Q: 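Shown below is the structure under consideration.
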Amino acid sequence: MGFFERYLSIWVILCIVVGIGLGYVAGDSISIISDLTYANVNLPIAILVWLMIYPMMVQIDFSSLKNIQQHGKGLGLTLVVNWLIKPFSMAFFALLFLDQIFQAYLTPDQASQYIAGAIILGAAPCTAMVFVWSYLTKGDANYTLVQVSINDLILLVAFIPIVKFLLGVTNIEIPYETLLTSVLIFVVIPLSAGYLSNKYLIKKYGKDWFAHRFLPVLKPLSILALLTTLVLLFAFQGQTIVEKPLHILLIAVPLTIQTYVIFFLSWFAGRFLKLRHRICAPSAMIGASNFFELAVAVAIALFGLNSGAALATVVGVLIEVPVMLSLVAIANKWRY
């Protein structure tokens, strides 16, 4: 794990401070940034998110799918948990805590926005960081690549209807066109660009150059784009956060519980299926972790930079690394 990834939560906290300070200094003039939109998609944020996602997509080698038959049980577990359980359990925990248990601390509109952000986060299984979690738990690298490739392909067709359905169940109306545009911009385009770049660069310069020269240059760009996005988010959220810091904690509770529940469900199901540790560990990690870059982008596109939904997805970034590192420790302690 690189320096930036290891201390991602610290950078996020620093971005909160910088963003809040920027919001107070700039005042209403910062709204100029939020007005730069096309089809309800904020263009500066779109560029930043694309810079976040492309370096992850370019690493995916879809030729690995030829090995799919070797990992049938592991992939079956991953797909069931990621697409038939995780989005709905996230919606359940978000509704339970934010709409019921914490209703004395949140207005109905605030709860509705935070629930929407949690649902968007839960519908996007991890794409990039799972490679890190798999490596730290001695997971099978080839299997991890196969499961990421398959999940990304399913993401193209399943993310929109799942989000649409769950937000509809919670009585939150969203423009379908904006959701479709968001997935096109933040998934289809970078995934296609990544695939084509991967094939072209490896063919022209070789795998060694691609892995040890090209990818290390892209990684800091992805992290810097993420942190810049967070600064903008908190510049718009600054006043709300200063006035109601408790909301960050309230949002974090269901997100954290969801992460542990999905991990333990996947882990013990993998043990029941007699999966090897090298398969079970990454199978549990991919469901527990989230594709928070996509979630942040979609929440912004649907509800705006200064929305509670966007704030909820950012809290997902805040808890991602410390919670997942605790699960890495558990997986390593339980290695078999």
Side-chain angles (χ1 to χ4, degrees), residues 68 71-101 114-130 133-134 137 139 143-144 146-170 172 183 187 251-275 279-292 294-295 298-299 312-313 315-316 319-320 323-324 326-328 330-331 334:
I68 189 173
H71 308 292
K73 289 195 294 185
L75 292 173
L77 172 62
T78 294
L79 297 181
V80 168
V81 171
N82 283 358
W83 300 106
L84 298 181
I85 297 176
K86 179 182 177 180
F88 305 96
S89 62
M90 177 67 92
F92 169 76
F93 286 123
L95 284 165
L96 175 64
F97 282 92
L98 300 174
D99 188 53
Q100 298 297 320
I101 297 177
Y114 298 156
I115 290 168
I119 286 173
I120 294 170
L121 195 64
C126 186
T127 291
M129 288 297 285
V130 69
W133 313 134
S134 177
T137 56
Y143 169 75
T144 303
V146 172
Q147 71 170 358
V148 168
S149 301
I150 292 178
N151 272 279
D152 278 353
L153 292 176
I154 294 175
L155 182 71
L156 295 177
V157 297
F159 180 76
I160 292 177
I162 288 176
V163 171
K164 179 73 173 176
F165 171 74
L166 289 176
L167 291 183
V169 168
T170 56
I172 301 172
V183 172
V187 179
I251 296 169
V253 169
L255 299 187
T256 302
I257 292 175
Q258 156 80 359
T259 303
Y260 283 106
V261 167
I262 291 299
F263 171 81
F264 289 121
L265 174 65
S266 302
W267 179 270
F268 289 113
R271 293 300 305 269
F272 177 78
L273 293 172
K274 294 182 171 54
L275 298 179
I279 304 299
C280 186
S283 295
M285 291 295 174
I286 193 172
S289 189
N290 297 299
F291 191 174
F292 54 77
L294 173 64
V298 171
T313 58
V315 174
I319 70 169
E320 172 89 5
V323 171
M324 291 304 299
S326 73
L327 294 178
V328 166
I330 291 173
W334 290 351

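The residues of the chain are indexed from 1 along the displayed sequence. The shown structure was predicted, so the numbers you read here are calculated from the model rather than taken from an experiment.
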Q: Shortest non-hydrogen contact from L155 to A123?
A: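 In terms of heavy atoms, the two residues are closest at CD1-O, 4.2 Å.
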
Q: Kindly write out the residues that satisfy side chain to side chain donor-acceptor pair (under 3.5 Å) with T144, not counting sequence neighbours, or none if the list is empty.
A: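 With neighbours one apart ignored, the set is S134.
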
Q: So which atom in G117 and which in A312 form the shortest heavy-atom distance, rounded to 0.1 Å?
A: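 Between these two residues, the closest heavy atoms are CA-CB, 3.9 Å.
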
Q: With sequence neighbours left out, write down each residue that passes side-chain contact (heavy atoms from CB on, under 4.5 Å) with A94, or none if nothing qualifies.
A: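 Residues passing side-chain contact (heavy atoms from CB on, under 4.5 Å) with A94: L98, I115, A118.
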
Q: Give the minimum heavy-atom separation between T259 and M324, together with the two atoms involved.
A: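 Heavy atoms only, the tightest pair is CG2-SD, 4.0 Å.
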
Q: With a 4.5 Å heavy-atom cut-off, do Y114 and V315 have their side chains touching?
A: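 Y114 vs V315: side chains apart.
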
Q: Could you measure the distance from the SG atom of C126 to the CG atom of D152? Nearest 0.5 Å is fine.
A: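 So the gap between those two atoms works out to 9.5 Å.
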
Q: Can you name the residues that form a ring-ring contact (aromatic ring centres under 6.0 Å, His included) with F268, not counting sequence neighbours?
A: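 For F268, the residues satisfying ring-ring contact (aromatic ring centres under 6.0 Å, His included) (neighbours in sequence not counted) are W334.
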
Q: Rounded to the nearest 0.5 Å, what separation is found between the CD1 atom of I162 and the CG atom of L167?
A: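 Separation between the atoms: 11.5 Å.
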
Q: Begin with the C-alpha distance, continue with both residues' side-chain angles, and end with the deciding distance and a verdict on side-chain contact (heavy atoms from CB on, under 4.5 Å) for V323 and L255.
A: CA-CA 10 Å; V323 171; L255 299 187; over 6 Å; no

Q: Taking side-chain contact (heavy atoms from CB on, under 4.5 Å) as the test, write out the residues that go with I257, two or more places apart.
A: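 I257 satisfies side-chain contact (heavy atoms from CB on, under 4.5 Å) with F93, F97, V253, V261 once adjacent residues are dropped.
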
Q: Just wondering, do T313 and F292 contact through their side chains at under 4.5 Å, heavy atoms?
A: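 Answer no - side chains too far apart.
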
Q: Where do L275 and I279 come nearest, in terms of heavy atoms and distance?
A: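 Result for this residue pair: CD1-CG2, 4.3 Å.
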
Q: Considering only heavy atoms from C-beta outward, does the side chain of V146 approach that of I150 to under 4.5 Å?
A: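 SC-SC contact between V146 and I150 confirmed.
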
Q: So which pairs with a foot in residues 260-270 pass side-chain hydrogen bond (donor to acceptor under 3.5 Å, both in side chains), sequence neighbours left out?
A: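 Applying side-chain hydrogen bond (donor to acceptor under 3.5 Å, both in side chains) to every pair that reaches into residues 260-270, excluding sequence neighbours, yields Y260-S326.
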
Q: Give me the atom names and distance for the closest heavy-atom approach of I120 to F159.
A: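 Looking at all heavy atoms of both residues, the shortest contact is O-CE1, 3.9 Å.
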
Q: Starting at CD1 of I319, measure out to CD1 of I251 and round the result to the nearest 0.5 Å.
A: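 Result: 10.5 Å between the selected atoms.
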
Q: Could you give the side-chain donor-acceptor pairs of residues 75-89 under 3.5 Å, partners two or more places apart or in another chain?
A:
| unit_1 | atom_1 | unit_2 | atom_2 | d |
| --- | --- | --- | --- | --- |
| T78 | OG1 | G74 | O | 3.1 |
| T78 | OG1 | Y143 | OH | 3.1 |
| T78 | OG1 | Q147 | OE1 | 3.1 |
| N82 | ND2 | N151 | OD1 | 3.0 |
| W83 | NE1 | N151 | OD1 | 3.0 |
| K86 | NZ | G287 | O | 2.7 |
| K86 | NZ | S289 | O | 2.6 |
| K86 | NZ | N290 | OD1 | 2.7 |
| S89 | OG | I85 | O | 3.3 |
| S89 | OG | K86 | O | 3.0 |
| S89 | OG | Q258 | OE1 | 2.9 |
| S89 | OG | Q258 | NE2 | 3.4 |

Q: Are any non-hydrogen side-chain atoms of V328 and M285 less than 4.5 angstrom apart?
A: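 Sidechains of M285 and V328: in contact.
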
Q: Quick one, I330 and F264 - any side-chain contact, counting heavy atoms below 4.5 Å?
A: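 Sidechains of F264 and I330: in contact.
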
